[in-house]
> 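Please see the structure below; I have some questions.
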2 protein chains.
Amino acid sequence: MSDEISGRGDPLKSLQLLWGRTEAPKRGPKAKASVAELVSAAVTIADAEGLEAVSTRRVAEAVGISPMSFYTHIPSKAELLDLMMDVVSGEILKDRPVFKPANWRANLTRVATDYRDFYLAHPWVIPLATHRTVLGPNTFRSADIALSAIEGLGLTDLEMDRVITLVLDYVHGAVRNAAREKMVKDLTGMTDEEWWYRVAPFLETVDFTPYPVLSRVGKTAGETYGAHDPRGAFAFGLERVLDGLAVFIDGKAPGKKRR
Amino acid sequence: MSDEISGRGDPLKSLQLLWGRTEAPKRGPKAKASVAELVSAAVTIADAEGLEAVSTRRVAEAVGISPMSFYTHIPSKAELLDLMMDVVSGEILKDRPVFKPANWRANLTRVATDYRDFYLAHPWVIPLATHRTVLGPNTFRSADIALSAIEGLGLTDLEMDRVITLVLDYVHGAVRNAAREKMVKDLTGMTDEEWWYRVAPFLETVDFTPYPVLSRVGKTAGETYGAHDPRGAFAFGLERVLDGLAVFIDGKAPGKKRR
DNA sequence: GGATAACTATTTACAGCGTACGGGGTTGTT
DNA sequence: AACAACCCCGTACGCTGTAAATAGTTATCC
């Protein structure tokens, strides 16, 4: 199903689990498994085999309980997904870098590459995230650090929001494909090279005259990088984005007075 | 399943269907349904109810054949997804605008907004697309037009590829959330306002002192736009990206000689 | 100390998914 | 008339999330 997104469960249940606000049970037998164990097992499965391999049965089995016992700990799979998202978000900007306003460009580069590495490490978060952010401690922490990369530049709060949104949107857009490379290879059983090898003979029978620019540019690009070059594209795009932000930031910075 | 991506089927089968290279059958009864009808029905379902509502059974039923007859026309669901992607790609930059090199900024704005509208109209393509582009006529056509928006600027083929990649990556990143707003609302049964209403009381019990910047910026942004403002964020980000590209393009354009 | 409430764990069951398999009906060619 | 090519379909399997009912364990109350 493509309806696997975060925030699909009961918002309050998710919040309570995210912030550890479930009160300790007074009676009843000791639990064989904890929520943290379940979430951790689910993340392990998702990292190794992709989100589609994460089923409540698999997760329950991984921690040694029967399929339906999963629901003793977590109300439904939807809440599990929220918890998975927040727990891996703890890896972003883990060591809380010291950001100096004068170095905003380096600061944002650090933020961008950290988020990129995060997506590459956990590509399954990409389709899961929506505009309703998971409201968990780790997600908050990484967002706070990202924003602090552009503190003290004379930007208004709204401008800071816009700038970080731009950078993270770009990172997401640029990385989504590279992050899913392994997944694509696993699901198709082909490397990119094998895929091209299979596809190339047919493409030679296609009339490319209606696509002159694509035909020329695509050929050059293909000959240079092979099929694609995500690292190079990311670096190029990020520099352009930062150049654009420089125009914006310098246009209001030290020289000019804020109004 | 989150393993719903394009390019998962037999590449050759997909290509033959994409380019209409299946030879007409010489014998046998007339088909009750055509591939085009099946694809069109699937797109209708996906547009209305999301990708998760597209099942081979549903699509077959929609064109009036039994569930398993689907496979007479299309080898598997994977090929259906490829065909769906390409057919809707025909809507992008449909009228092939006239691009003048001097207006590259307006040209790219047109490309960006057209792709944005495309994602908004068919949000289900977002998780489907991978780095292995669907090699269909409509996909080629839109890519060709997009590239022609920056022809004649003195950019190398490789630079053109990089620039278009940047713009389309940004559009994808910026639009993904807005595009799925309706889906999120349908799946959760809540509007964003209802969601905030359910979530706010809990957030007031959370200690925000570890997230001072997020707390301040988030509060200001929330008070100004409500939860979020995708249109404004898109416009802001696109201008910054174009500013960055202006630095790059003007840095090598008319005045300077190309080496 | 026995009843009861709170809690965990489990079994069974159901609808929906993609699709393998095998059979039946229809059409054109030999 | 026979056959091959082709379309259509019924049955079945293993997978999914989870509702419902039940059994077992622990702490509290009378």
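Throughout, a chain's letter reflects where its sequence line sits, starting with A, and its residues are numbered from 1.
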> Does atom CZ of A:R96 have more than 12 heavy-atom neighbours, drawn from other residues, nucleotides or ligands, at distances under 6.0 Å?
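Yes.
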> Show, in sequence, the C-alpha distance, side-chain angles and deciding distance for A:H122 and A:E91, and conclude whether the side chain to side chain donor-acceptor pair (under 3.5 Å) test is met.
CA-CA 10 Å; A:H122 307 289; A:E91 296 171 19; 2.8 Å; yes
> Between P on D:dG17 and CG on A:L51, what's the gap in Å once rounded to a whole number?
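In whole Å, D:dG17 P lies 10 Å from A:L51 CG.
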> Without decimals, in angstroms, what is the distance between A:I74 CD1 and D:dG17 P?
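A:I74 atom CD1 is separated from D:dG17 atom P by 13 Å.
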> Starting from C1' on D:dT16, measure out to CG on A:L81 and report it in whole angstrom.
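Those two atoms, CG and C1', are 14 Å apart.
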> May I have the distance from A:R8 (atom CZ) to D:dT18 (atom C1'), rounded to whole angstrom?
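From A:R8 CZ to D:dT18 C1': 12 Å.
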> Is atom CZ of A:R21 surrounded by more than 12 heavy atoms (other residues, nucleotides or ligands) closer than 6.0 Å?
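Check passes, neighbour count above 12.
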> Taking 4.0 angstrom as the limit, do B:D169 and A:R176 come out as a salt bridge?
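Result for this pair is yes, salt bridge flagged.
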> Should the pair B:F118 and B:Y115 be assigned to parallel (<30°), tilted (30 to 60°) or perpendicular (>60°) ring geometry?
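Rings of B:F118 and B:Y115: perpendicular, as their planes differ by over 60°.
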> Tell me, for nucleotides 2-10 of chain C in 5' to 3' order, what letter each nucleotide earns: B for a base near a protein heavy atom under 4.0 Å, S for only sugar-phosphate near one, - for neither?
---BSBSBB
> What I want to check is whether the side chains of A:S76 and A:E79 have a donor and an acceptor closer together than 3.5 Å.
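Their side chains do contain a donor-acceptor pair, which is all the 3.5 Å distance test asks for.
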> In whole angstrom, give the distance that lies between atom CD of A:E52 and atom P of C:dC17.
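Atom CD in A:E52 sits about 19 Å away from atom P in C:dC17.
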> Remember a base hit wins even if backbone is also touched, and classify B:T56 as base, sugar-phosphate or nothing at under 4.0 Å, heavy atoms.
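Base contact - B:T56 has a heavy atom under 4.0 Å of at least one base atom.
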> A:E4 CD to D:dC15 P: how many Å, rounded?
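Rounded to whole Å, this separation is 18 Å.
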> Roughly, in whole Å, what's the span from CG in A:L38 to P in D:dG17?
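Going from A:L38 (CG) to D:dG17 (P), I get 13 Å.
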> Counting any heavy atom closer than 4.0 Å, what does A:V54 reach on the DNA or RNA strands: base, sugar-phosphate only, or nothing?
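Sugar-phosphate, no base atom in range.
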> Confirm from the modelled atom types if B:R57 and C:dG16 form a donor-acceptor pair under 3.5 Å, side chain to base only.
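Absent.
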> Run the ring-centre check on A:F140 versus B:Y211 and record whether the distance is less than 6.0 Å.
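Yes: the rings meet the under 6.0 Å criterion.
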> To the nearest Å, how far apart are B:I45 CD1 and C:dC17 C1'?
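Rounded to whole Å, this separation is 14 Å.
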